[in-house]
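Have a look at the structure below, then the notes.
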Amino acid sequence: MSENETSVPNSALDSHCSGCGSPYGEGVSGWPRTCPACGTVAYRNPLPVAVALQPVYDTQGTALVVITRTVTPARGGVALPGGYVDHREDWRQAVVRELKEETGIDAAGRDVRLADAMSSSDGHLLVFGLLPERPAEGLPPSTATDETEGWHLLRRSEELAFPLHTLAVRAFFEGRYI
């Protein structure tokens, strides 16, 4: 160490906000945690993302369930239902949990099969879980949630809010996941 440098003791792991650098302070523990200074929500294991591919059929053919986001990133964009895998959560359970939270649609983790896994340019790993096709008439009504305006059906490949969702939708409609 040069004479112009000073030694700074290491802070405790995860003791400061990754958004603004403020210490979390007393009383902020567990996960997820919210920074009292800037409001950034931090997750213990934010990289794996579980994404649901829920095919449905009706008289018009096969479609995929998608949502319109009301949260950042991509607020107002159309996306597949999905979100972070919680700490110590099985990815299949994360797929069905996110599907339920964002659409109200129930599914069983045992029915999820791996359709794809892709890495985004920012280092996130997205795991796409394919659920069995089901009739559209058996789905719950589309209603707004904490993160969505509700769900609707996507009947053909189109650009979605996230590039990897677009790739997965394209692969699904091209028959690569069947």
Side-chain angles (χ1 to χ4, degrees), residues 32 34 39-43 45-87 89-178:
T34 302
T40 296
V41 178
Y43 296 85
N45 193 11
L47 293 181
V49 176
V51 183
L53 291 161
Q54 177 60 74
V56 298
Y57 62 89
D58 60 15
T59 58
Q60 297 177 51
T62 299
L64 282 172
V65 172
V66 292
I67 53 96
T68 301
R69 296 175 56 84
T70 58
V71 294
T72 59
R75 183 184 192 121
V78 173
L80 293 164
Y84 294 125
V85 176
D86 289 340
H87 182 64
E89 181 180 35
D90 180 276
W91 69 270
R92 291 169 200 84
Q93 291 304 319
V95 167
V96 298
R97 177 183 51 76
E98 288 291 340
L99 180 66
K100 176 73 172 176
E101 287 175 3
E102 296 185 0
T103 67
I105 298 170
D106 283 312
R110 69 180 174 278
D111 293 334
V112 179
R113 74 173 180 82
L114 180 63
D116 215 332
M118 298 183 233
S119 292
S120 66
S121 59
D122 62 1
H124 285 80
L125 172 65
L126 279 71
V127 179
F128 292 86
L130 181 62
L131 290 146
E133 188 175 56
R134 59 190 344 171
E137 66 188 24
L139 299 178
S142 175
T143 57
T145 70
D146 290 343
E147 300 177 4
T148 76
E149 291 178 8
W151 62 267
H152 63 277
L153 299 180
L154 184 69
R155 298 197 175 274
R156 67 185 188 313
S157 180
E158 64 183 60
E159 191 159 333
L160 298 183
F162 302 108
L164 297 183
H165 288 213
T166 301
L167 292 176
V169 164
R170 183 178 308 137
F172 174 82
F173 282 110
E174 289 174 355
R176 290 188 272 151
Y177 294 156
I178 303 301

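The neighbour count for Glu159 CD, taken as heavy atoms of other residues, nucleotides or ligands under 6.0 Å away, does not exceed 12.
At distances below 3.5 Å, at least one donor-acceptor pair connects side-chain atoms of Gln54 with backbone N or O atoms of Pro132. Between the side chain of His165 and the backbone N or O of Leu80 there is at least one donor-acceptor pair closer than 3.5 Å. Between the side chain of Thr166 and the backbone N or O of Leu160 there is at least one donor-acceptor pair closer than 3.5 Å.
Residue pairs meeting the salt bridge (Lys or Arg N to Asp or Glu O under 4.0 Å) criterion with at least one member in residues 51-78, sequence neighbours excluded: Asp58-Arg155.
A search for side-chain contact (heavy atoms from CB on, under 4.5 Å) contacts involving Pro135 returns Tyr57, Glu137, not counting sequence neighbours. Listed by chain and residue number, Asp122 satisfy the side-chain hydrogen bond (donor to acceptor under 3.5 Å, both in side chains) test with Ser120 (two or more places apart in sequence, or in another chain). In this structure Arg97 satisfies the side-chain hydrogen bond (donor to acceptor under 3.5 Å, both in side chains) test together with Glu89, Glu101, sequence neighbours excluded. Thr145 is linked by a side-chain hydrogen bond (donor to acceptor under 3.5 Å, both in side chains) to Thr148, counting only residues two or more places apart in sequence or in another chain. Scored by the ring-ring contact (aromatic ring centres under 6.0 Å, His included) test, Phe172 finds no partners at all (sequence neighbours excluded).
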**Item:** Intermediate values then yes/no, side chain to side chain contact (heavy atoms under 4.5 Å, CB included), Val78 and His152
**Value:** CA-CA 9 Å; Val78 173; His152 63 277; 4.0 Å; yes
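Taking CD of Glu98 as the reference point, atom OH of Tyr84 lies at 10.5 Å (rounded to 0.5 Å).
Among Ile105, Asp111, Val65, the one residue that satisfies the side-chain contact (heavy atoms from CB on, under 4.5 Å) test with Arg134 is Ile105.
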